[in-house]
Amino acid sequence: LSLYEAKKTGKGCFVFWQRSFLKGSTPERVQMESELREAIISNQLVLHFQPKVEAENGKIYGLEALVRWNHPRLGLVYPDRFIAIAEESNLILELDQWVVNAVADQMTKWRKNGLPLLEVSVNISAAHITRTGLIDLFEGLFERYPFLGDYLEIELTETAIMADPDKATVVLNTLKKRGVKSSVDDFGSGYTSLGYLKKLNANTLKIDRSFIDGITRDHYDRDVAKAIIALAQSMSMDVVAEGVETQAQWELLQSFGCKYLQGYYFSRPQAANIIEKNFLQPLVV
Ligand code: C2E
Ligand code: CA
Ligand code: CA
Ligand code: CA
């Protein structure tokens, strides 16, 4: 992110630039960045998938793809340790591109093997909204894999959307015409204007895990979760609660009218072969 871009995008990004400027000068960070560049090319990245289930019966209806880095020295590294580094350079564009293509490859394999296809959502970084290229990425993908149109969904965080809400609106609406659904991720943790929420035309709100955590003991968290569910309903959007870890949270969320859930209680994110074995039964012809 250049200083010019940082200034252009406002206050939040200036802080971001300052932070990256300081951190960017450490040798570990520079090394991590060049290793990550190598990792993308040499296929050290792997996808795990986490089921999303229907609250009514706990049945799986979709998956979220989550990237991990199989690091030659450090072992399995989680995205919280490398996404931010990738976001400070154009590497994030290559990383998101790798993820989208890897999801397409995986779904092609499942399809060839006669397994049922579920909706798969991919996380897309804010950089893809502010630096474009996302629409081209998906158009290229659908040329190669026409069947994918009905199964792909993107997740954009509330913060990513609000970094450039006008552009996010154009991008999400364009993708929607191509059949790509969208979710507003980590909802409740940022500051979305309700006017924008309507214009975005997103299909789903994902309630941030931080509220689900406290839902059985904290009135505030419970009220926020309820309010988000009501908001989604009033806008005819679906709502997913993420980070569900207990039966009590499941029951409470269901009683509030939340139709979709995701969390360790149902399944941790798992490698594709485990997901296959546990959740994808071959279609009987
Ligand atoms: P996210 O999109 O909010 O993803 C949900 C995170 O919560 C995942 O962490 C998931 O493993 C974790 N989680 C799910 N259920 C539970 C639960 O019941 N309890 C707890 N404590 N945690 C749960 P993960 O995989 O480490 O990913 C962290 C973040 O990294 C993601 O947050 C997302 O923002 C980013 N990320 C992950 N994969 C990608 C990717 O392919 N591309 C991009 N741009 N970002 C990604
Ligand atoms: Ca997500
Ligand atoms: Ca989330
Ligand atoms: Ca998150």
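Counting starts at 1 for both ligands and their atoms, following the listed order.
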Show which atoms of ligand 1 fall inside a sub-4.0 Å distance from at least one heavy-atom site of [X].
| X | value |
| --- | --- |
| Glu64 | 2 (O), 4 (O) |
| Pro269 | 11 (O) |
| Ser125 | 44 (N) |
| Asp186 | 3 (O) |
| Glu245 | 17 (C), 18 (O), 19 (N), 20 (C), 21 (N) |

Protein N, O or S atoms lying under 3.0 Å from the Ca ion (ligand 2), listed by chain and number: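 For the Ca ion (ligand 2), the protein N, O and S atoms that sit under 3.0 Å away are Glu64 OE2, Asn123 OD1, Glu155 OE1, Asp185 OD2.
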
Partner of Ser121 by side chain to side chain donor-acceptor pair (under 3.5 Å), out of Lys181, Gln262, Gln50, Glu155: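 So the option named by the test is Glu155.
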
Candidate list Glu35, Gln44, Arg81, test side chain to side chain donor-acceptor pair (under 3.5 Å), partner His71, passing option: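 Looking at Glu35, Gln44, Arg81, the match for His71 under the side chain to side chain donor-acceptor pair (under 3.5 Å) is Glu35.
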
Using a heavy-atom cut-off of under 4.0 Å, does the side chain or the backbone of [X] touch ligand 1, or both, or neither?
| X | value |
| --- | --- |
| Asn123 | both |
| Lys206 | neither |
| Leu47 | neither |
| Arg209 | side chain |
| Asp96 | side chain |

Is any N or O atom of [X], backbone or side chain, closer than 3.5 Å to an N or O atom of ligand 1?
| X | result |
| --- | --- |
| Asp185 | yes |
| Thr157 | no |
| Ile83 | no |
| Gln50 | yes |

Whether over 12 other heavy atoms sit under 6.0 Å from Lys259 NZ: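 Count not over threshold, so no.
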
Electrostatic pair Lys52-Glu119, nearest N-O below 4.0 angstrom: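 Glu119 and Lys52: not salt-bridged.
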
Residues Glu64 and Lys206 bridged, charged N to O under 4.0 Å: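 Result for this pair is yes, salt bridge flagged.
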
Look only at the side chain of [X] and the backbone of [Y], and say whether a donor-acceptor pair between them is shorter than 3.5 Å.
| X | Y | answer |
| --- | --- | --- |
| Trp110 | Pro116 | no |
| Asp213 | Arg209 | no |
| Asp186 | Ser189 | no |
| Arg222 | Ile215 | yes |

Parallel, tilted or perpendicular: rings of Phe82 and Trp69 (30°, 60°):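 The rings of Trp69 and Phe82 stand perpendicular, inter-plane angle above 60°.
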
Below 3.5 Å, can you tabulate the donor-acceptor pairs from side chains in residues 146-153 to any protein atom, sequence neighbours excluded?
residue, atom, partner, partner atom, Å
Glu153, OE2, Ser183, OG, 2.4

Flag side-chain contact, heavy atom, 4.5 Å: Leu252 against Thr216: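 Side chain of Leu252 against side chain of Thr216, heavy atoms only: contact under 4.5 Å found.
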
Heavy-atom check, side chain of Leu231 versus side chain of Leu197, under 4.5 Å: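 They are in side-chain contact.
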
Glu245 and Gln249: side chain donor to acceptor below 3.5 Å: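 No, Gln249 and Glu245 have no side-chain donor paired with an acceptor closer than 3.5 Å.
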
Heavy-atom gap Arg68 to ligand 1 smaller than 4.0 Å: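 Flag set, Arg68 near ligand 1.
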
Shortest heavy-atom approach to atom 41 (O) of ligand 1 - which of Leu45, Val99, Leu156, Leu93: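 Result: the heavy atom closest to atom 41 (O) of ligand 1 is in Val99.
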
